[in-house]
Amino acid sequence: MLYGDRPMLIGGQLTYGSGEWIDCTDPSTEALIGRVPAGTAQDVAAAVEAAREAQKSWGQTSIWERRDMLRALAAAVRARAEEVVAVEAADSGNTIGNLANDMFKSANQFEYFAGLISEIKGDTYAALSPNMHMTLRVPYGVVGRIVPFNHPFMFATASCAAPLASGNCVVLKTPETSPLSAAIFAEICAEVLPAGVVNIVSGYGLPVGDAIARHPEVRRIGFTGSVATGLAIQRAAAEATVKHVTLELGGKNPLVVFADADADKAADAAVAGMNFAWAGQSCGSTARVLVHDSLKDKVTRRLEERLAAIHVGDASDPASDMGPLNSGPHRNRVRNMIEAGKAEARVAFGGGVPAGLNKGWFVEPTLFADVPLGATIAREEVFGPVMTVQGWSDEAAMIEMANATPYGLTASVFTQDISAALRTARAIESGVTHINGSKMHYVGAPFGGVKNSGIGGEECLEELLSYTEVRSLHITI
Ligand code: NAD
């Protein structure tokens with residue numbers, strides 16, 4: 001096994017669990033490359049207890065000490081970035097040539113929240129003079145963070161930054177597929193942080209994620225993953241105690257092209273926004289292209305050309321633009337959705353397995369054209385390299401089409417007409433909307449969904465403050 005057995009981190013100890021293991025398989029080759037412990041509810045209980053104990057002093061450290069620790073984490077991530085990238089490409093199927101950006105985002109998130117740390121503050125109120133009335137912000141204590149497989153290292157690291165900055169200790173659950181890179185983060189935390197400040201438990205949703213969601217000492221949960229799991233976490237959390245739960249969930253994101261748009265730029269943005277380097281496994285993927293009828297054939301042709309130019313291959317090969325899907329079961333799910341889509345719409349490109357790639361969990365970049373209203377392939381999140389094109393002529397009908405999913409994560413609007421752009425941006429139910437752009441995150445501006453895409457903005461001051469509780473203090477003079 002290339003990467004051997006990798007640890008969890010509980011109470012400052014790198015630990016190998018109770019003897020049950022999860023095998024880690026390279027999605028490009030199907031080779032066994034490592035193992036992580038299959039954590040248990042007992043591991044979660046030990047992790048929460050360690051976090052609770054550690055928080056007594058972590059919550060009392062000066063903001064400057066915490067700032068310096070976050071900066072040390074950023075430096076440690078940078079120092080091991082090359083190693084992480086190699087592990088992650090082999091363990092996740094995300095292409096090695098594009099992973100440097102995830103390392104940047106991991107380190108940057110620690111530095112961003114380190115820089116914001118003095119913004120953790122309350123207000124004063126002009127209430128009953130001469131008395132004084134103010135608010136204080138207090139950490140929750142133990143925060144649970146549960147992350148998905150598509151950016152395993154970036155989510156594992158970045159999800160700890162805001163809770164730590166605001167004085168909490170963290171119990172982090174890594175995804176059951178692609179957990180190896182987050183095990184490197186466990187080693188980093190063991191070196192950089194006091195024992196118990198970050199605890200990392202690998203394992204399955206049940207029992208590990210569920211045990212975190214239910215634990216009465218975990219008062220704040222930040223979850224990134226699917227809608228179904230988000231709902232399960234809300235239910236489990238509500239059964240035990242009252243918790244603050246924020247959710248970053250899926251999307252089926254529209255990219256709207258008006259008749260006056262530049263077809264090439266719109267097609268480029270749609271393909272960039274699909275994140276083919278992640279085989280389309282991105283919550284913000286621009287999976288639904290809604291094009292004005294007058295440009296539909298042109299944009300469809302441009303998309304076909306761009307998809308044909310994508311080189312699909314082993315994710316560890318720097319020449320690959322797109323690797324495999326993350327796991328066998330996920331690949332089967334995506335292929336089933338593509339097959340079902342073929343009964344609903346015309347396949348303009350792809351739809352099968354790339355030639356010569358029968359080993360590994362590959363599918364072709366796939367484009368469905370002339371997709372009718374209401375088609376499942378244009379409504380449900382595939383979480384794979386699948387795009388649909390739908391035509392429109394009436395603006396009101398287009399808005400209805402754009403909003404005809406339970407999701408509301410990202411949207412893009414392409415037009416030269418500023419009024420049409422703003423009108424559309426306001427009408428589309430979406431947490432993040434780009435005008436004449438796609439894909440980018442702008443740290444400092446909230447990233448998060450509406451409707452079933454989630455609750456709460458991240459990568460911004462709101463995220464930092466959301467890991468504190470506001471308490472009012474009234475001083476009688
Ligand atoms: P998932 O919901 O299957 O799993 C996410 C995490 O939840 C994993 O660690 C899993 O083990 C855990 N989990 C599963 N069942 C659980 C339970 N009952 N209780 C607690 N934890 C449980 O999602 P996934 O397949 O890993 O990721 C894909 C999904 O994540 C897509 O829907 C995608 O859009 C979404 N996502 C959203 C964002 C965002 O920022 N909005 C970012 C990335 C991914």
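Note that these values count all heavy atoms, side chains included, but never hydrogens, waters or copies made by symmetry. Whatever order the structure lists ligands and atoms in, that order sets their numbers, starting from 1.
Scanning all protein heavy atoms for the shortest distance to atom 34 (O) of ligand 1 gives Glu381 OE2, 2.6 Å. Ranking the protein heavy atoms by distance from atom 23 (O) of ligand 1 puts Ser226 N, 3.5 Å first. Among protein heavy atoms, the minimum distance from atom 11 (O) of ligand 1 is reached at Glu176 OE1, 2.5 Å. Protein heavy atom in closest approach to atom 27 (O) of ligand 1: Pro148 CB, 3.3 Å. For atom 41 (N) of ligand 1, the closest non-hydrogen atom of the protein is Leu249 O, 2.7 Å. Taking atom 35 (C) of ligand 1 as the reference point, the nearest protein heavy-atom neighbour is Gly225 O, 3.1 Å. For atom 28 (C) of ligand 1, the closest heavy atom belonging to the protein is Phe383 CE2, 3.4 Å. For atom 6 (C) of ligand 1, the closest heavy atom belonging to the protein is Val147 O, 3.5 Å.
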**Message:** Go through it in stages, so that I can follow the logic: the residues are Phe113 and Tyr467, the test is ring-ring contact (aromatic ring centres under 6.0 Å, His included), and I'd like the CA-CA distance, side-chain angles, deciding distance and then a yes or no.
**Reply:** CA-CA 12 Å; Phe113 285 113; Tyr467 286 95; 8.6 Å; no
**Request:** For Glu176 and Lys173, run salt bridge (Lys or Arg N to Asp or Glu O under 4.0 Å): C-alpha distance rounded to whole Å, both residues' side-chain angles, the deciding distance at 0.1 Å, then the answer.
**Result:** CA-CA 9 Å; Glu176 60 267 40; Lys173 182 214 169 294; 3.6 Å; yes
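Put simply, the side chain of Thr229 never gets that close to the backbone of Gly225: no donor and acceptor are under 3.5 Å apart. Without hydrogens or angle criteria, Ser202 side chain to Pro37 main chain gives a donor-acceptor distance under 3.5 Å. A donor-acceptor pair under 3.5 Å links the side-chain atoms of Trp58 to the main chain of Asn168, judged by distance alone. Gln281 places a side-chain N or O within donor-acceptor distance of the main-chain N or O of Asn326, the cut-off being under 3.5 Å. Side-chain atoms of Lys252 do not come within 3.5 Å of backbone N or O of Glu381 as any donor-acceptor pair. The main-chain N or O of Pro152 is never found under 3.5 Å from a side-chain atom of Asp102 such that the two would form a donor-acceptor pair.
Distances from atom 3 (O) of ligand 1 to the heavy atoms of Thr229, Thr177, Val382 show the closest one on Thr229. Closest to atom 20 (C) of ligand 1 by heavy atom, among Gly449, Gly448, Gly209, is Gly209. For atom 38 (C) of ligand 1, the candidate residues are Ser282, Cys283, Pro175, Gly250; the nearest heavy-atom contact is made by Cys283. Distances from atom 5 (C) of ligand 1 to the heavy atoms of Tyr407, Tyr204, Phe223, Phe149 put Phe223 nearest.
Every atom of ligand 1 is numbered from 1 in the order shown, and the set under 4.0 Å from a heavy atom of Asp210 is 19 (N), 20 (C). Listed by number with element, the atoms of ligand 1 under 4.0 angstrom from any heavy atom of Lys173 are 8 (C), 9 (O), 10 (C), 11 (O). For ligand 1, the atoms sitting less than 4.0 Å from at least one non-hydrogen atom of Ile146 are 6 (C), 7 (O), 9 (O), 12 (C), 21 (N), numbered in the order shown with element in parentheses. Close contacts of ligand 1 with Ile233, meaning ligand atoms under 4.0 Å from a residue heavy atom, involve 19 (N), 20 (C), 21 (N). Here is the list of ligand 1 atoms found below 4.0 Å of a heavy atom in Phe447: 40 (O).
Of all the heavy atoms of Glu458, none lies under 4.0 Å from any atom of ligand 1, so neither backbone nor side chain is involved. Only the side chain of Leu409 comes within 4.0 Å of ligand 1, counting heavy atoms alone; its backbone N, CA, C and O stay farther away. Residue Val208 does not touch ligand 1, judged by heavy-atom distances below 4.0 Å.
Ring geometry, Tyr140 versus His244: the interplanar angle exceeds 60°, so the pair is classed perpendicular (tilted spans 30 to 60°).
Taking the charged nitrogens against the carboxylate oxygens, Glu463 and Arg220 have no contact shorter than 4.0 Å, which rules out a salt bridge. Classification of Arg78 and Glu111 as a salt-bridged pair holds, one side-chain N sitting under 4.0 Å from a carboxylate O.
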Going by atom type alone, with no hydrogens or angles, which donor-acceptor pairs under 3.5 Å involve a side-chain atom of residues 8-20 and a protein atom two or more places apart or on another chain?
from  : atom 1 : to    : atom 2 : distance (Å)
Thr15 : OG1    : Gly17 : N      : 3.2

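Ile184 CD1 to Thr157 OG1: the interatomic distance, rounded to the nearest 0.5 Å, is 11.5 Å.
The shortest N/O to N/O separation between Thr224 and ligand 1 does not fall below 3.5 Å.
Distances from ligand 1 to the non-hydrogen atoms of Ala213 include no value under 4.0 Å.
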